[in-house]
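In what follows, a single structure is set out as structure tokens and then discussed.
Just so it is clear, the model here is predicted, and its values are computed rather than measured. For the single chain, residues carry numbers from 1 onward in sequence order.
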Amino acid sequence: MDGKNSTPWPHAPPHRLLEDGTYFVTASTYNKQHHFQGRQRLAMLHDSLLQHCQDHGWRLQAWAVFSNHYHFVAHCAHSDFASRLPGLVGLLHEQTCKYVNQDDNTIGRKVWHNHWDTFLSHERSYFARLSYVHQNPVKHGLVKVASEYPWCSASWFERTAPPTQVKAIYRFQNRAGEGQG
């Protein structure tokens with residue numbers, strides 16, 4: 001990009017993390033490679049995501065981790081925490097990349113591609129993203145019922161939220177995240 005052209009490169013999404021609030025985040029592995037196949041790797045990626053969110057002041061609302069991508073919806077209480085999202089994702093990607101590369105004896109291999117974040121400013125968008133993330137294992141044909149997939153938040157959500165809230169959120173099924181993976 002030269003100094004005269006202010007149009008951002010289309011394959012590097014801008015991260016506008018200036019507000020406290022709730023965000024939808026998704027990331028994909030480089031070339032959609034399935035680097036996190038198997039229970040041990042999925043558990044490591046899952047646990048790392050939960051720990052990094054907690055360590056950086058983000059309160060998870062929904063999450064789903066797969067062999068080649070992940071999604072989460074999280075709330076940050078202050079703009080200071082929002083500005084930490086790239087660091088959170090960077091550390092998560094660095095740690096998990098090192099783990100799989102060491103395990104595969106492929107030091108230096110690129111594992112992650114990029115991440116995208118969306119500030120959720122409308123209630124309907126928020127509910128739709130919650131449903132999308134909780135139901136993503138079903139969308140991918142991994143399970144028939146999302147709560148059976150151990151690396152997503154559906155079983156936690158169904159255990160902790162009132163049944164009327166679960167029904168209301170799940171009514172938004174397949175309305176958000178189209179094209180997100």
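- Between the side chains of Y23 and Q61, no donor-acceptor pair is found at a separation under 3.5 Å.
- Side-chain contact, T96 with W112: a donor N or O sits under 3.5 Å from an acceptor N or O.
- Listed for the H46 side chain is no donor-acceptor partner under 3.5 Å among the backbone atoms of L42.
- A distance of 5.5 Å separates OH in Y170 from CZ in F157, rounded to the nearest 0.5 Å.
- Here the closest heavy-atom approach between residue E148 and residue P150 is recorded as O-CD, 3.3 Å.
- Between Y99 atom OH and C97 atom SG the span is 13.5 Å, to the nearest 0.5 Å.
- Residues L88 and W58 meet the side-chain proximity criterion, which asks for heavy atoms closer than 4.5 Å.
- Note: F24 and W116 fail the aromatic proximity criterion, with ring centroids not under 6.0 Å apart.
- Taking a cutoff of 4.0 Å between a charged side-chain nitrogen and a carboxylate oxygen, E94 and K98 qualify as a salt bridge.
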Evaluate side chain to side chain contact (heavy atoms under 4.5 Å, CB included) for W63 paired with L50, printing each intermediate quantity in order.
-> CA-CA 9 Å; W63 63 89; L50 272 57; 3.8 Å; yes
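- The two residues Q37 and H34 have their closest heavy-atom pair at CG-O, 3.5 Å.
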Step-by-step side chain to side chain contact (heavy atoms under 4.5 Å, CB included) determination, H35 to R109 | CA-CA 11 Å; H35 294 296; R109 172 183 60 184; 3.6 Å; yes
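- Within the 3.5 Å criterion, the main-chain N or O of G21 finds a donor-acceptor partner in the side chain of H75.
- Expressed to the nearest 0.5 Å, how far NE2 of H113 lies from CG of N68 amounts to 12.5 Å.
- The backbone N or O of W156 lies less than 3.5 Å from a partner atom in the side chain of T160, making a donor-acceptor pair.
- Between V138 and V143, the closest side-chain pair of non-hydrogen atoms falls below 4.5 Å.
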Show your working on side chain to side chain contact (heavy atoms under 4.5 Å, CB included) between V73 and Y126 and close with a plain yes or no.
-> CA-CA 8 Å; V73 175; Y126 169 67; 4.0 Å; yes
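- Side chain of S48 to main chain of Q95: no donor-acceptor pair is present (N/O by atom type, distance under 3.5 Å, no hydrogens or angles).
- Electrostatic pairing of D104 and R41 counts as a salt bridge here, judged by a charged N lying under 4.0 Å from a carboxylate O.
- Here T22 contributes atom OG1 and L60 contributes atom CG; the two are 11.0 Å apart, rounded to the nearest 0.5 Å.
- Between the side chain of T29 and the backbone N or O of Q33 there is at least one donor-acceptor pair closer than 3.5 Å.
- Note that CZ of R59 and SG of C53 are 12.0 Å apart. Values are rounded to the nearest 0.5 Å.
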Test side chain to side chain contact (heavy atoms under 4.5 Å, CB included) on L92 and L49 and set out the steps.
-> CA-CA 7 Å; L92 174 67; L49 172 65; 3.9 Å; yes
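- For the residue pair A62 and S153, the shortest heavy atom distance occurs at CA-OG, 3.2 Å.
- A ring pair (Phe, Tyr, Trp, His ring centres under 6.0 Å) with F66 is found for one member of F36, Y149, F72 and no other, namely Y149.
- Contact annotation: the side chain of R129 approaches that of L120 to within less than 4.5 Å [non-hydrogen atoms, C-beta and beyond].
- Residues C152 and H134 approach most closely at SG-O, 3.9 Å, considering heavy atoms.
- Within the 3.5 Å criterion, the main-chain N or O of I107 finds no donor-acceptor partner in the side chain of N101.
- L130 contributes atom CG, which lies 9.5 Å from atom CZ of F172 (distance to the nearest 0.5 angstrom).
- Between P86 and H115, the shortest heavy-atom contact is CA-CE1, 4.4 Å.
- Residues L91 and V89 fall into different hydrophobic clusters, defined by Ile, Leu, Val, Met, Phe, Trp and Tyr side chains chained together at heavy-atom separations under 4.5 Å.
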Might you work through the side-chain hydrogen bond (donor to acceptor under 3.5 Å, both in side chains) test for D47 and Q51, ending with a clear yes or no?
-> CA-CA 6 Å; D47 295 349; Q51 188 63 54; over 6 Å; no
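- Residues H69 and N136 meet the side-chain proximity criterion, which asks for heavy atoms closer than 4.5 Å.
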